[in-house]
Each structure stands twice: as C-alpha cells, then as structure tokens.
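So you know, we letter chains A, B, ... as the sequences are listed, proteins then strands, and number each from 1.
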2 protein chains.
Amino acid sequence: MNDLSSPLHSLKVTCSNCSLRELCLPVGLNRDEMAQLDAVIRQSRRFKRGEYLFRSGEGFRSLYAVRTGYFKTCVSSQDGREQVTGFHMSGELMGLDGISSNTHGCDAIALEDSEVCELPFSRMESLGRDIPSLQHHFFRLMSREIVRDQSVMLLLGNMKAEERLAAFLLNLSQRLASRGFAANDFILRMSREEIGSFLGLKLETVSRTLSKFQQQGWIRVDHKHIQLVRPEELKALVAGCSQANSAG
Amino acid sequence: MNDLSSPLHSLKVTCSNCSLRELCLPVGLNRDEMAQLDAVIRQSRRFKRGEYLFRSGEGFRSLYAVRTGYFKTCVSSQDGREQVTGFHMSGELMGLDGISSNTHGCDAIALEDSEVCELPFSRMESLGRDIPSLQHHFFRLMSREIVRDQSVMLLLGNMKAEERLAAFLLNLSQRLASRGFAANDFILRMSREEIGSFLGLKLETVSRTLSKFQQQGWIRVDHKHIQLVRPEELKALVAGCSQANSAG
DNA sequence: CGTGCTCTTGAGGAAGATCAAATCCCGTGG
DNA sequence: CCACGGGATTTGATCTTCCTCAAGAGCACG
C-alpha cells in the first residue's frame with residue numbers, strides 16, 4: 001500500500017489516487033468501493049493529436065473520461081458538413097450518446113496529445129447496482145450532459161455572434177479555472193473553424209468577432225493565445241441570455 | 001384479476017396494461033417486475049392546456065411520461081427570451097435535466113389538455129437496482145435524449161430555414177406514425193412562434209417557409225392542419241444534413 | 001358582431017455568409 | 001540555419017438570408 005508513494009508507481013494512476021477524483025467520479029465512495037471501481041476502469045490509453053478515440057457508427061462498449069489533453073466530439077453529415085457538438089477537457093466523459101443504440105453517435109477526436117480512461121459500460125452498469133451512489137452519479141452525469149446540450153441549443157437558437165463567442169470564452173475560462181488553471185489567460189486548442197462549427201458561425205465571423213473584442217480592449221488575441229482583459233464586459237454581453245454558461 | 005376487463009376499471013391504467021407499454025418503458029419486464037413498476041408509478045395527473053407540469057428552478061422529485069396530449073419544454077432567459085427545447089408526445093419522458101442538480105432546468109407546459117404519469121425518481125432508481133433491465137432502459141432513455149439534443153444542435157448550427165422546417169415536419173410525421181397516427185395528415189399543436197423558437201427562427205420566417213412549401217405543392221397548410229403531399233421532396237431537402245430526423 | 005389573438009404577406013434593413021486576397025506561422029527539407 | 005510550402009488566420013468587399021417593422025386577413029370567443 002505504502003509503496004504507492006514511490007515515484008516509480010506514479011505511472012499506475014488509479015481512480016483512487018487520480019487528481020481528477022473530485023471532477024470525474026466524485027461519488028464519495030469508500031475505500032472498498034473505490035477498489036472495485038479501479039478494478040473495472042482501464043486507464044491511460046494515449047492518443048496523438050488528430051487521432052480518433054471512436055467514430056460514429058462504431059460499436060459502443062465503453063465510456064471514456066479525459067485524463068489529460070483535449071477532445072472534440074462532432075457529428076458529420078453525408079455531404080461533409082460537420083457540427084462540433086462539444087469540446088472536452090480533463091475529467092469529462094465522452095460517449096454517453098452511444099448507450100441508446102449500442103453504437104457511437106459521433107466522432108471523438110484528440111485536439112492534442114491526450115490520455116483517456118476507459119470505462120467498460122456494462123461493467124459500470126453492474127457496479128452501479130452494487131454501489132447506489134455510483135449509479136446515482138451516472139444518472140447525474142448524463143443529466144448534466146442534457147443540461148449542457150440545452151444551453152447550447154439556447155445559444156444556437158437565440159444568441160447572436162458576439163454573444164455566442166462571449167459565452168464560449170467565458171465557459172472555457174470557467175472550466176479551466178475549476179481545474180486550477182488561469183481563468184483569464186489560456187491557449188485555445190481548437191481552430192477558428194472548429195469554434196465556428198460549434199457556435200454555428202463561419203470561421204471568418206469568429207475571427208472578426210475576436211478582433212472586435214480585442215479592439216474594444218476586452219480581450220487580447222495572439223493566435224491561439226487568449227487573454228480576458230475585461231471579462232465583465234463579456235459577461236454583460238451574455239447577461240440576459242439565461243444561464244448559458246454551462247456550454248462546452 | 002379478470003375484473004380488469006370490466007370497463008369500470010379501465011380508468012385505472014397501469015404500466016402493465018398501458019397502450020404505450022412498447023413506446024414508454026419497453027423493458028421486457030416479467031409479470032412480477034411489472035407489478036413492482038406499477039406500484040411505484042403514480043399515473044394520470046391531468047393538465048389543462050397552458051398549465052405548467054413543472055417550472056425551471058422547482059425542486060426535482062419525479063420524471064413525467066406523457067400519457068395523452070402534448071407538452072413543450074423551454075428554457076427562458078431573464079430578459080424574457082424563450083427557447084423551446086422540445087415538443088413531447090405520448091410515451092416520451094420529461095424532466096431528465098433535473099437529475100443533475102435536483103432542480104428542474106426548464107419549464108414544461110401542456111400544449112393541450114394532457115395526462116401524465118409520474119415516476120418518483122429515487123424510487124425508480126432503487127427499482128433499477130433490483131431490475132437490471134429497467135436500469136439499463138433508463139440509461140438508454142437518457143442517452144436517447146442526448147442523441148436527440150445533438151441532432152437539434154446540428155439543425156440549429158448547420159441548416160437553413162427551409163431545411164430546418166422540413167426536418168421538423170418529417171420528424172413530427174415520423175413520431176406520429178410510430179404512434180399509429182397518420183404520417184402525412186396532422187394537426188400542429190403549437191403556434192408558429194413556438195415552432196420558430198424551437199427551430200431558431202422568427203415566426204414570420206416559419207410562416208413564409210410553410211407558404212413556400214405549399215406553393216411548391218409539397219405540403220398543404222390550413223392553419224394548424226398540415227398535410228404532407230410530397231414528403232420525398234422534404235426528405236431531399238434534409239438529405240445531406242445527416243440523420244437529423246430524430247429531432248423533436 | 002366586435003375584440004383580440006394568431007397568422008400571412010410585403011418592404012426594407014442588418015447580421016452573417018461567401019468570395020477573395022494578403023499575411024502569418026509552423027514544420028520540412030535542404 | 002534558412003528557405004519553402006501548406007495551412008490557418010485576418011481583413012476587405014459583396015451578397016444572401018433572415019430579421020424587423022408594418023399592415024391586413026382570418027378565426028375564435030365572448
């Protein structure tokens with residue numbers, strides 16, 4: 001037990017000693033339950049930037065939690081149009097849409113070199129039967145995804161370009177902050193086109209709007225490097241658009 | 001047991017004899033499990049047109065399944081803007097977004113006189129532990145909602161007015177057909193404004209687009225009465241926009 | 001038979017898309 | 001180390017779609 005403190009073993013990350021414990025599966029499990037969880041989860045599959053974690057249409061077996069790095073999920077149409085449905089950072093779960101049809105409903109692609117934990121779903125399901133708080137947590141996670149999707153619908157249905165981009169930046173900022181990173185100084189991992197796809201805008205509009213924010217002194221843009229200088233102005237822009245800050 | 005065949009008892013609808021069995025909770029339960037389910041579900045609360053089933057911000061206790069009638073769910077912003085997030089017909093579940101925060105995240109409003117079954121969530125949860133197939137079914141239902149939301153995101157992010165409305169009509173048609181109603185001749189239960197809110201369009205655009213479809217001979221519009229004359233033309237419009245037929 | 005909705009239709013305007021060109025950056029290979 | 005090529009980004013000019021404003025029509029209900 002104590003040998004876990006040895007740096008040599010630090011490669012073997014388990015849920016019980018994972019730094020994302022509180023973000024990812026914060027279920028208040030006891031030591032024994034945590035051990036059961038560790039036994040089920042296959043951790044640390046690595047993906048290089050651009051690699052697919054799964055593809056739409058593939059058989060669904062597992063959920064995936066981001067350990068490090070960054071992913072996007074997107075649905076693409078026959079004629080090549082693609083809609084980014086979300087960006088996913090550490091502690092976030094992907095693949096929930098696959099449960100309903102036993103088939104993944106979207107593509108998940110690494111935006112940078114990344115690492116994920118694999119959660120074989122049927123084993124998680126039976127584990128949930130033994131550990132009520134785990135079962136409940138899974139329901140909560142799926143519900144949270146539904147809430148997130150609804151706020152994206154609000155964004156796409158009601159907001160205009162500036163509001164969308166402001167909401168996007170603030171959401172990113174907040175999620176980074178909750179992971180201990182700087183809230184007002186960060187690197188975008190995705191291209192302007194991917195941001196646009198997510199927000200229902202063209203890449204030129206994203207670029208122009210970022211420039212406009214910069215001209216107004218609200219943000220500083222240096223390619224992928226973004227600084228929020230006056231986040232309160234961005235908030236004012238989104239205010240009145242309900243609680244659409246949970247998008248992502 | 002046999003006295004259930006008496007018409008006097010037909011008021012007492014249970015899951016086991018509900019005509020929506022296959023749509024709503026088609027879990028392949030045995031007789032005993034079905035009885036447990038019946039014991040938990042409080043059925044047949046009635047709502048008049050315009051009444052709220054629940055409101056955003058209210059405490060979350062239960063999910064609700066539509067038995068008869070029609071509901072909309074919507075999130076509304078401080079400044080009064082409202083985004084309809086879905087229309088719900090018989091057999092469909094509402095309230096899943098409340099699980100994550102123990103608080104309802106949207107309003108649910110009857111679009112006509114309606115009847116719902118109430119599913120106390122915590123009791124469903126523990127029942128799920130005893131009946132694995134029920135637990136699995138709940139996961140599937142939530143996942144299906146996520147898939148639906150994603151296809152709405154695709155619609156709002158990528159499609160133009162005509163495509164959106166065509167997708168909407170086809171989706172309605174398909175859901176009605178799967179309930180045994182005419183696929184190509186139906187009554188809209190919602191206003192143009194509500195359709196517009198759902199599709200991210202203004203009511204005038206909805207009206208204009210319906211008129212355009214009618215001029216082209218693809219549909220017939222008489223106020224709320226819609227007939228799909230050439231549904232294949234509508235399908236052609238949506239084709240290439242991926243499988244966005246699961247919107248609702 | 002008004003009154004008040006919802007709906008339709010038209011005209012003009014604005015937001016964002018499209019098309020196009022210049023710039024910048026990064027990784028590659030010499 | 002530096003030049004090169006391809007992709008990403010910025011910015012400008014124009015165009016399309018949809019929104020906004022406005023007026024009128026149709027229906028529902030008292």
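For the pair B:Lys212 NZ and D:dT16 C1', the interatomic distance rounds to 11 Å; values are reported in whole Å. Nucleotide D:dG7 holds its C1' atom 13 Å from the CD atom of A:Glu194, rounded to whole Å. The interatomic distance linking A:Met159 (CE) with C:dA15 (P) rounds to 16 Å, in whole Å. In this entry the distance linking NE2 of A:His225 with P of D:dT9 reads 16 Å, nearest Å. Distance B:Arg192 CZ to D:dG26 P: 15 Å, rounded to the nearest Å. Rounded to whole angstrom, the span from the CG atom of B:Asn158 across to the P atom of C:dT18 amounts to 10 Å. Rounded to a whole Å, the CG atom of B:Leu188 is 10 Å from the P atom of C:dT8. Atom pair B:Glu162:CD and D:dT17:P shows a separation of 9 Å (rounding to whole Å applied).
For D:dC19, the OP1/OP2 oxygens have no side-chain nitrogen or oxygen of A:Lys160 closer than 4.0 Å.
Between A:Val238 and A:Ala167, the shortest heavy-atom distance links the atoms CG2-N, 3.7 Å. Between A:Gly98 and B:Ser143 the shortest heavy-atom distance is N-OG, 4.0 Å. Of all non-hydrogen atoms in A:Met190 and A:Lys224, the two that sit nearest each other are O-NZ, 3.2 Å.
Salt bridge B:Glu194/B:Arg189: absent, no basic N to carboxylate O contact under 4.0 Å. Between B:Glu118 and B:Arg67, no side-chain nitrogen of the basic residue sits less than 4.0 Å from a carboxylate oxygen of the acidic one, so the salt-bridge criterion is not met.
Checked against a 6.0 Å centroid threshold, the rings of A:Phe87 and A:Phe71 do not count as neighbours.
Geometric assessment of A:Arg179 against the ring of A:Phe181 yields a negative cation-pi assignment under the 6.0 Å and 45° thresholds.
For residues 200-211 of chain B, proximity to DNA chain C is found at B:Leu203, B:Glu204, B:Ser207, B:Arg208, B:Ser211, defined as any non-hydrogen atom under 4.0 angstrom from a strand atom.
No donor-acceptor pair closer than 3.5 Å links the side chain of B:Asn184 to the backbone N or O of B:Gln227.
Using bins of under 30°, 30° to 60° and over 60° for the plane-to-plane angle, the ring pair A:His104/A:Phe54 lands in the parallel bin.
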Every protein N/O lying under 3.5 Å from an N/O of nucleotides 25-27 of chain C:
none

